[in-house]
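First up is the structure itself, then whatever we jot down about it.
Values in this document were obtained by computation on a predicted structure and should not be read as measured data.
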Amino acid sequence: MRQYVTVIAAADISPREAEVLELVGAHLSNAEIGARLCISVRTVESHVSSLLRKLEVPDRRALARRASEPVGVGPSHPAPVLPAPLTSFVGRVSERAELAELIKAHRQVTAVGSGGVGKTRLALAVAAEAAGEYADGVWFVDLVPVTDPDLIATAVAGALGLGEQPGRGMTESVIAALADRHALLVLDNCEHVVDGVALFLERLLATCPRVTVLATSQARLMVPFERVYPVPPLSLSVDGESDAVALFRERAAAVGRSLDPALRDQIASICERLDGMALAIELAAARCSTLGLDGINAALSHPLRMLTGGSRADERHRSVRGALDWSHALLEPADRALLRQVSVFVAPFTAAAAATVGVTGSEEGIVAEGLARLAEQSLLVVTASPGGTMYRALETIRQYGVERLAEAGELVDARSRHVRWCLAEAAELAVVRADWRARFDAVADDLRAALAWAADRPEQRTDAYRLARHLAELTFARHLIGESQGRYEQAAALADDPAAGASMLRHAAAVAGCRMHGDDMYRLHRAAADAARRSGDTAGAACDLATAAANAYRFSGKFVRKLPQEEAVALITQARELAGDDPAAQGAVALAEAGRALTEIGAAPGLNDDAVPMTIARAERAVELAHRTGDPLAESAALDTLTCAQSWAGDTFAAAGTARRRITLLSSTPGTPAGTHELIEALGEVTEASLGTGDLPGARRWARQLADHPLLAEVGHRATGWLLVADAMAGNVKEILTGSVRFLDAWQQAGSPARSVLGPPAAAVAMIHGLREDQDAWREWSAVLNQLDPSPGNTYGYGAIFDAMLLLHRGQAPQALERLAPEPGEVWQWVTWIWLHWYVALRAETAVLARSSEAGDRLAEARTVVAGNPVATAIVERAQALLDNDQERLLATADAFDAAGCRYQSARTLVLAGGDHAARGAAALADLGFAPMAPQG
């Protein structure tokens, strides 16, 4: 048993570690900390591992609690105040050596033994001694609060400081983070979730070759690579020494009873009767100050008389049970009742919580006194936290308390009160405050445990539904989006009203969209349609069916299974039949029909037929119908489809206007799953649209909002991609050098996926390094680009644009001309949306600088296409001035570039102007961080 006392311990906390510690205290993930401090996730991991070691705490939760206390920075400051175990680890020299050798030789070791034998303390001691041998740290995961085997990975992720990556489940996120790590993972108390742990470890050990797992359990895990180490009881006599006696003496001294060495034989007799079981010895020693050794012997005699027969392991288990029995019997009746009642908590709890869950009428002050008495008898562990004193029972004692509840016939009432307490806590968490994450994390495990119990009891169905719904909302806010989807689906299954079930399924579908799981979106909307029909809501069913089809068009990149055209058509037909005259249903059907028409345009050979105008008309009709309903999310979805149709038509400015209209519409929507899904998609779209029209300040503003969106914290490559493009176009070198670290780090953490949408940022960063003449970095990012996107979009679209800008900087106009050789009409599929203006403007400039005979024609054509785009127009005007040798007109474009927020092109213009202007331009380029331009022509 561990009691904690505040002590002073030396630690050298660096300024950066202090910053990391503060953010751990705010319950931020490693990715969030990295984004906040502009450092890599691996660097954050290193700092956290160092802090765990320096502050002598076992896990991230303890580190977060430690963060609330003042920390000295640097060796010249006062040493920090630490929570340290009052009781030291006693003995087990041979066991520690044996277990340490096993984890060196085997990938997975399970320390097996009955409850109370001391598995956890042994594993922690071995892990602490081995910490220096693992470059990426030792990580401790307490599985006691985990009641759902599917949440094993969530518990491990919490210990590692990982958040869930949209597009990946939590297990995949953990495995990706540990894939190349050399680390020791300690999984404590696996016995109640053995099947879940086994499935998790099979995948982890097969994928992470340098990760070692040390587990503690009452039963072996039966996984590949497992080596079982049976944890023996404490030695009763080894070379005249006894670990059991040493533990008893130390624990007795801790409660104020130092024992005479002459009493060794009497102590040894007690320890022998307790079979050397650590927990039983600690419980007995805690009574020494009041009972004395004779009293302990007498107290042990009665319950242990019946401990005969069975295997030695069973006897040891009964030894702990016997020690618990007599320790329990010595309590006052009120304290016995209190120990029973608080056993419903799976996580640390406060006196106020215990009073609420306890027998009606319990006063907090009286309960606090009772908890203190239980702690004095080593039946509870006490820890300090920012929210006050917290109590918890070791798992063996908690299970004993639950058994006593059942024996007393109080289990259902106590658990029912626990459910009501959880509902009240969940309701309070609906208000998000500065300390919201810490408050949620403190009660989340109890919410889950209460739901697991209530969900299986028919009389608790209503409360279980409410708790599942609350937990779905709270886990979404906590960005545990995989769990959120599951909780919404659980709430739907628990709902008595099919209409409520349909609502929960729609929320689940929206969360699936945030997770980039299109197939789940489709499945859940189909299920919602079925539930809506059962409730008599045919219009709602029509909306769900039409939305299922529309999403397959809108978010095709999120689907694994491509929806067959005939299946989509059947959905739309069925939805149309059910819609009747309901405006919302009609709008959903119109949107699905517009989406179907839009998908056909991408495969069309050109833009001169009737398909595009007809699609625009359909999308405008969907927007009109959605607007009538007053539903901003339905209108946003229709505006999205209209934006895409306008972009395919080559109407860049109309598309940008529609994208801005969409983002304005969503600016005041609440942060529901559906609203969040729409907003993230809209921010990406409006950023792209702004880039397409040359609105660089607007593009950077929207891209910054996207980069800072909390749901994208774990996927920094997706979050920062368009911001990198906007900064590259503007010439913001410092921002590129900082932001590209997060992009590359997150992309590698995600398993280096090949995704064409990530190509433009990689190309942009490669160009910036090329402009800086950093050849190593340019080659690295060029390789990343080729891995990300070998598609025609890279070859003929954005890739050609960034390559041409770099070639022009290097004075290689003929090569740039060749890179942009295809006519815009030949590559329209890859330049229509964002890149058309940039493509035709640069194509005209390369023709002038390469002295092409087509320069005049290209300039005339470009001027018409880019009219209204400040940056592209300035590029064309600059090219015309160069062709006409018009110095005054040339210098005027420098001012135009400055006004448009394009500092690189402004400086480049001055260099092109020659003379004294060239010197100013060269200095401006150097200030920005670029290498000198090569002579042109």
Side-chain angles (χ1 to χ4, degrees), residues 27 29 145 147-148 150-151 154 157-158 163-164 166 169-170 347 418-455 460-497 499-515 517 520-521 524-525 527-528 531 631-633 666 668-680 709-714:
H27 290 237
S29 70
T147 53
D148 185 343
D150 292 335
L151 295 179
T154 300
E164 183 176 346
M170 195 64 93
H418 184 236
V419 169
R420 290 194 292 273
W421 175 81
C422 287
L423 284 169
E425 290 294 306
E428 287 187 17
L429 285 167
V431 180
V432 177
R433 300 199 310 254
D435 62 343
W436 187 89
R437 285 193 179 195
R439 291 167 55 225
F440 170 80
D441 289 351
V443 300
D445 289 324
D446 273 299
L447 301 185
R448 292 165 178 140
L451 176 57
W453 175 80
Q460 293 286 332
R461 189 180 184 91
T462 299
D463 281 346
Y465 163 75
R466 293 172 57 208
L467 193 51
R469 188 191 68 211
H470 280 310
L471 197 50
E473 294 165 352
L474 294 171
T475 49
F476 184 80
R478 188 61 176 87
H479 309 139
L480 299 171
I481 52 180
E483 182 178 357
S484 177
Q485 179 184 326
R487 297 302 181 188
Y488 274 121
E489 293 190 54
Q490 185 179 19
L494 290 167
D496 292 323
D497 179 7
S503 175
M504 294 297 99
L505 289 167
R506 291 172 192 135
H507 285 308
V511 179
C514 294
R515 299 179 66 210
H517 287 200
D520 276 359
M521 291 178 70
L524 291 163
H525 275 297
D631 181 353
L633 300 184
L666 294 171
S668 59
T669 55
T672 62
T676 299
H677 187 214
E678 280 292 322
L679 179 60
I680 289 174
H709 197 287
L711 198 63
L712 300 182
E714 305 300 324

### Message
If the threshold is 4.0 Å, N to carboxylate O, is there a salt bridge linking E483 and R448?
### Response
yes
### Message
So, taking the atom named CD1 in I481 and the one named CZ in F476, what distance separates them when rounded to the nearest 0.5 Å?
### Response
7.0 Å
## Note on the structure
CG (D496) and CZ (R461) are apart, to the nearest 0.5 Å, by 5.0 Å
### Query
Are any non-hydrogen side-chain atoms of W421 and V443 less than 4.5 angstrom apart?
yes
### Message
Let me confirm one number: the CG-CG distance from L451 to D463, rounded to the nearest 0.5 Å.
### Response
10.5 Å
### Task
Report yes or no: does R437 contribute a side-chain atom to a donor-acceptor pair with the main-chain N or O of R478 at less than 3.5 Å?
no
### Task
Show your reasoning for whether side-chain contact (heavy atoms from CB on, under 4.5 Å) applies to R487 and L474.
CA-CA 10 Å; R487 297 302 181 188; L474 294 171; over 6 Å; no
### Task
Identify the two heavy atoms, one from L467 and one from L447, that lie closest to each other, and give their separation to 0.1 Å.
CD2-O, 3.8 Å
### Message
For a quick test of reading the model, state the closest non-hydrogen atom pair linking C422 to A450 and the distance between them.
### Response
SG-CB, 3.7 Å
### Query
Would you say the side chain of M504 lies within less than 4.5 Å of the side chain of Y465, judging by non-hydrogen atoms?
yes
### Full working for side-chain contact (heavy atoms from CB on, under 4.5 Å) between L666 and L633
CA-CA 7 Å; L666 294 171; L633 300 184; 3.7 Å; yes
### Query
Which atom pair, heavy atoms only, marks the closest approach of H507 to P673?
O-CB, 4.0 Å
### Summary
All heavy atoms of E489 vs all of L524, minimum pair found to be CD-CD2, 3.6 Å
#### Entry: No-hydrogen, no-angle side-chain donor-acceptor test under 3.5 Å, S29 and E714
yes
### Query
Can any side-chain N or O of E164 pair as donor or acceptor with the backbone N or O of G482 at less than 3.5 Å?
yes
### Query
Between atom CZ of R469 and atom CG of L494, what is the distance when rounded to the nearest 0.5 Å?
12.0 Å
## Note on the structure
Heavy-atom nearest pair, A477 first then W436, reads CB-CH2, 3.7 Å
#### Entry: Nearest atoms (heavy-atom pairs only) where C514 meets L711
CB-CD2, 3.7 Å
### Message
As an exercise, state the distance from NE2 of H709 to NE2 of H479, rounded to the nearest 0.5 Å.
### Response
7.0 Å
### Task
Measure the OG1-CD distance between T672 and E678 for me, rounded to the nearest 0.5 Å.
9.5 Å
